[in-house]
Amino acid sequence: MKNKVFKNILVYFSVSAIIVSCGELDLDQGEFNPPAGEFELVSDFSASVTGIYAALNNGSRKTTYYIDAWAGDDITTASTLFSDGVTTFANNKEDFREFDQRSVRPTNSRLIDHWNDNFKVIRNANFSIQNGSTMVERFPDEEESINALTGEAHFLRALAYHKMLRMHNRVPIIESLDPVLSGLELPSRAETYSYIEADLKRAIELLPNVNNGPLGNTTVKGHTRPGKGSAKAILARLYMDWAGYPVEDVSKYSEAAKLAKEVIAESADYNFQLMDNVGDLWLLANRFNDESVFSLAYVVQTANNASENQKFGAVGNSGANGGWDETYAEIRFFEDFPEGPRKDGTYLNDLDWISEFADRQQSPLFRKITGPVERRGRRTTREIAAGTFKTNRSDFIMRYAEVFLIHAEASARSGNPSAEAWESLNVIRRRSYDPATTKIDLGPGDGDLAELAVTERKWEFAGEYQRWNDLVRLKLVKDALSNRNPQVSRNADNELIRLPNEIISPESTLELSTANYFHTLPEQIISANPNLQE
């Protein structure tokens, strides 16, 4: 019986992968019939949960997982033209430019990939949760392990739904193991927030403080399996979105502040701590570290291996130095970024990008994405080769730094800008600025705590695919994207450098309005399932 159940698990994952890869979007089909029934052994349950991670890693290893981030004011992509404004830039970055320019077609290929990648995680999580629902009763001696596995499944499902909800205003909730999309309806956004909240509360209830479950060859350090503190922190992030646009349930700010404060107070129990040097986060040697609240681990093994990370190195380099021209830094954002250790850790600050990229796109590069580069005279040493795109870099799904900034902002917005909340802001500032040039510790006389925390988030998470979400929840899109034009940087002819991807401006000015904050569900989904059209 054990072998039969385990075989069924593998069949389920294989069928799920076929559906995604072949683009069969209407799941009302006979071939999709995952096995029902209970797992025979706890090891079967563990194998099933490992399959959720496999689905998540397979989707998140590519930049498609963060495609909406190119809409922010910190990240841009390759232009359709070289810097001379004439030469056509022949590349495959059209899907990225659509988000960058706020004009996304419902047929955008990255949009459907994002949908498929996340719903594969959700389907696999549903399978684990439902087939593992009676495990504790049948194996009471293994309750601790079973609870951890169940908590992980709820946590990972919550991540996927939250990711979908940040892309689309409303998404269907799928719980059935043999879903019929044509029979689904779109719940309200608030209802989906409540669904995600329930998953995360269940994870908090079941997960241990530190999750010792093995994953590949990783260790506990780096939190590649979520613990109780991971779930609390992600729930605090959810509450921040819930309190913002479009639901704007401001009561959630106090919930976010409460949870963030708990995580900080209990950080020793969860093994969370900030790294002393923010730039060290991006060293390969530190891909597992305790500033991670939750990370995805990757391993480079063989060609076309699904466990490698493909979002760094070449992805963030210019074609002028062997890169892919995919992920550049916005010029105005770079110019405005305050000097200090954090800027040095964020960008290749010593790169003369204006001169070196004179015949290519002139844009700064993210050190966070290219990897560190050391220059000594004419010799350049790269931690990740310029043309390499397969790495074992971890993805920091959430860093402990964000917990401090949530505590500061949420406390202020809920009417409690306490000394502790100001300290949460200052903890982040102390490792970010040069005290010789910048006032570090701020207090009530230095401005509005909530706005100061948002500004710190702006700089702290630049290039980490988060900025767009802040612009949406705080309705800052128009202000931020109307302020992208370079104001300082000039080419060799003393002309302001051309903005790579200007916002497309139809007469309706839809591109910067709240009506264009979220993206329609992919056209293929709507065509097959008109009831999912908002």
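The structure presented is a predicted model; accordingly, all values stated were derived computationally and were not measured.
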**Prompt:** Between the side chain of Arg189 and the main-chain N/O of His168, is any donor-acceptor distance below 3.5 Å?
**Reply:** yes

**Prompt:** Okay, side chain of Asn426, backbone of Leu442: is any donor-acceptor separation there less than 3.5 Å?
**Reply:** yes

**Message:** For Asp280, is there any backbone N or O sitting under 3.5 Å from a side-chain donor or acceptor partner on Asn286?
**Reply:** yes

**Item:** Residue pair Glu197 / Tyr239, side-chain donor-acceptor N/O under 3.5 Å
**Value:** yes

**Pair Tyr270 + His223: ring centers closer than 6.0 Å** = no

**Request:** Evaluate side chain to side chain donor-acceptor pair (under 3.5 Å) for Thr76 paired with Asp100, printing each intermediate quantity in order.
**Result:** CA-CA 6 Å; Thr76 190; Asp100 206 3; 2.5 Å; yes

**Prompt:** Sub-3.5 Å donor-acceptor pair from the side chain of Thr327 to the main-chain atoms of Gly316, do we have one?
**Reply:** no

**Asked** So, is the end of the Lys343 side chain (NZ or CZ) under 6.0 Å from the ring centre of Phe334 and within 45° of the ring's axis?
**Response** yes

**Request:** Verify ring pair (Phe, Tyr, Trp, His ring centres under 6.0 Å) between Trp459 and Phe333, making sure each step is shown before the conclusion.
**Result:** CA-CA 9 Å; Trp459 308 131; Phe333 196 99; 5.1 Å; yes

**Message:** Working to the nearest 0.5 angstrom, can you tell me the gap between Leu207 CG and Thr150 OG1?
**Reply:** 9.5 Å

**Message:** Does Glu144 have more than 12 heavy atoms from other residues, nucleotides or ligands lying within 6.0 Å of its CD?
**Reply:** no

**Residues Trp468, Ile75; criterion side chain to side chain contact (heavy atoms under 4.5 Å, CB included); working and verdict** = CA-CA 9 Å; Trp468 172 248; Ile75 296 177; over 6 Å; no

**Complete:** Of all heavy-atom pairs linking Ala233 and Val293, the shortest is CB-CG1, 3.7 Å

**Message:** I'd like to check the side chain to side chain donor-acceptor pair (under 3.5 Å) partners of Arg393; sequence neighbours left out, ordered by chain and number.
**Reply:** none

**No-hydrogen, no-angle side-chain donor-acceptor test under 3.5 Å, Glu339 and Thr437** = no

**Prompt:** Of the non-hydrogen atoms in Ala410 and Ala257, which two are nearest, and what is the gap between them?
**Reply:** CB-N, 3.6 Å

**Request:** State whether Arg166 and Asp241 are salt-bridged, where the test is any N-O pair (Lys NZ or Arg NE/NH1/NH2 against Asp/Glu carboxylate O) under 4.0 Å.
**Result:** yes

**Asked** How far apart are the C-alpha atoms of Asp470 and Met240, what are their side-chain angles, what is the distance that settles it, and do they pass the side chain to side chain contact (heavy atoms under 4.5 Å, CB included) test?
**Response** CA-CA 9 Å; Asp470 281 348; Met240 296 298 284; over 6 Å; no

**Fill in**
When Asn271, Ile264, Asn289, Val427 are each screened for side chain to side chain contact (heavy atoms under 4.5 Å, CB included) with Tyr400, the one that passes is Ile264

**Asked** What is the distance from atom CD1 of Ile204 to atom CG of Leu235, rounded to the nearest 0.5 Å?
**Response** 5.0 Å

**Message:** For the residue pair Asp395 / Asn309, report whether a side-chain donor-acceptor contact shorter than 3.5 Å exists.
**Reply:** yes

**Asked** Measuring from Tyr161:OH to Ile174:CD1, what's the distance to the nearest 0.5 Å?
**Response** 5.5 Å

**Request:** Would you indicate whether the side-chain heavy atoms of Ser482 and Leu512 approach each other to under 4.5 Å?
**Result:** yes

**Item:** Leu259 CG to Ser254 OG distance, which is reported to the nearest 0.5 Å
**Value:** 10.0 Å

**Prompt:** Counting distance only, does the side-chain N/O of Ser48 pair as donor-acceptor with the main-chain N or O of Asp44 below 3.5 Å?
**Reply:** no

**Message:** Strictly by ring-ring contact (aromatic ring centres under 6.0 Å, His included), give each pair with a member in residues 137-156 just once, sequence neighbours left out.
**Reply:** Phe155-Phe294

**Proximity of Phe389 and Phe312 rings by center, below 6.0 Å** = no

**Request:** I would like to know whether Glu98 and His519 meet side chain to side chain contact (heavy atoms under 4.5 Å, CB included); could you show each step before the answer?
**Result:** CA-CA 11 Å; Glu98 289 186 4; His519 302 287; over 6 Å; no

**Prompt:** What are the two closest heavy atoms between Asp336 and Asn483, and how far apart are they?
**Reply:** OD2-ND2, 4.5 Å

**Message:** So, applying side-chain hydrogen bond (donor to acceptor under 3.5 Å, both in side chains) with Thr64, which one of His114, Gln310, Arg110, Lys311 is it?
**Reply:** Arg110

**Asked** Side chain of Asp446, backbone of Gly443: donor and acceptor closer than 3.5 Å?
**Response** yes

**Asked** What closest approach, in Å, do Ile52 and Ser128 show between heavy atoms, and which atom pair accounts for it?
**Response** CD1-OG, 3.6 Å

**Item:** Rounded distance (nearest 0.5 Å) linking atom OG of Ser432 with atom CG of Asp344
**Value:** 11.5 Å

**Asked** Passes side chain to side chain contact (heavy atoms under 4.5 Å, CB included), Thr192 versus Arg170? Steps please.
**Response** CA-CA 8 Å; Thr192 308; Arg170 296 166 66 193; over 6 Å; no

**Prompt:** Is a donor on one side and an acceptor on the other found under 3.5 Å between the side chain of Arg413 and the backbone of Val250?
**Reply:** no

**Complete:** Tightest non-hydrogen contact, residues Lys368 and Gly345, listed as CG-O, 3.8 Å

**Member of Arg429, Arg467, Arg399 meeting the salt bridge (Lys or Arg N to Asp or Glu O under 4.0 Å) criterion with Glu460** = Arg399

**Prompt:** Does the pair Arg457/Glu464 count as a salt bridge with the N-to-O cut at 4.0 Å?
**Reply:** no

**Glu266/Lys232 ion pair, N-O < 4.0 Å** = yes

**Prompt:** Salt bridge between Glu262 and Lys258, side-chain N to carboxylate O under 4.0 Å?
**Reply:** yes

**Message:** Other residues, nucleotides and ligands only: do more than 12 of their heavy atoms fall within 6.0 Å of CG on Asp276?
**Reply:** no

**Fill in**
Minimal heavy-atom distance between Leu56 and Tyr65, with the atoms involved, is CD1-OH, 3.5 Å

**Item:** Heavy-atom donor-acceptor pair, Asn57 side chain to Ala297 backbone, under 3.5 Å
**Value:** yes

**Prompt:** So Tyr465 and Tyr66, would you call those rings parallel, tilted or perpendicular, with 30° and 60° as cut-offs?
**Reply:** parallel

**Arg225 side-chain N/O to Glu152 backbone N/O, donor-acceptor pair under 3.5 Å** = no

**Prompt:** Can you check whether Leu348 reaches Pro364 side chain to side chain, under 4.5 Å on heavy atoms?
**Reply:** no

**Message:** Quick one: does any side-chain atom of Thr455 pair with a main-chain N or O of Glu451 as donor and acceptor, under 3.5 Å?
**Reply:** yes

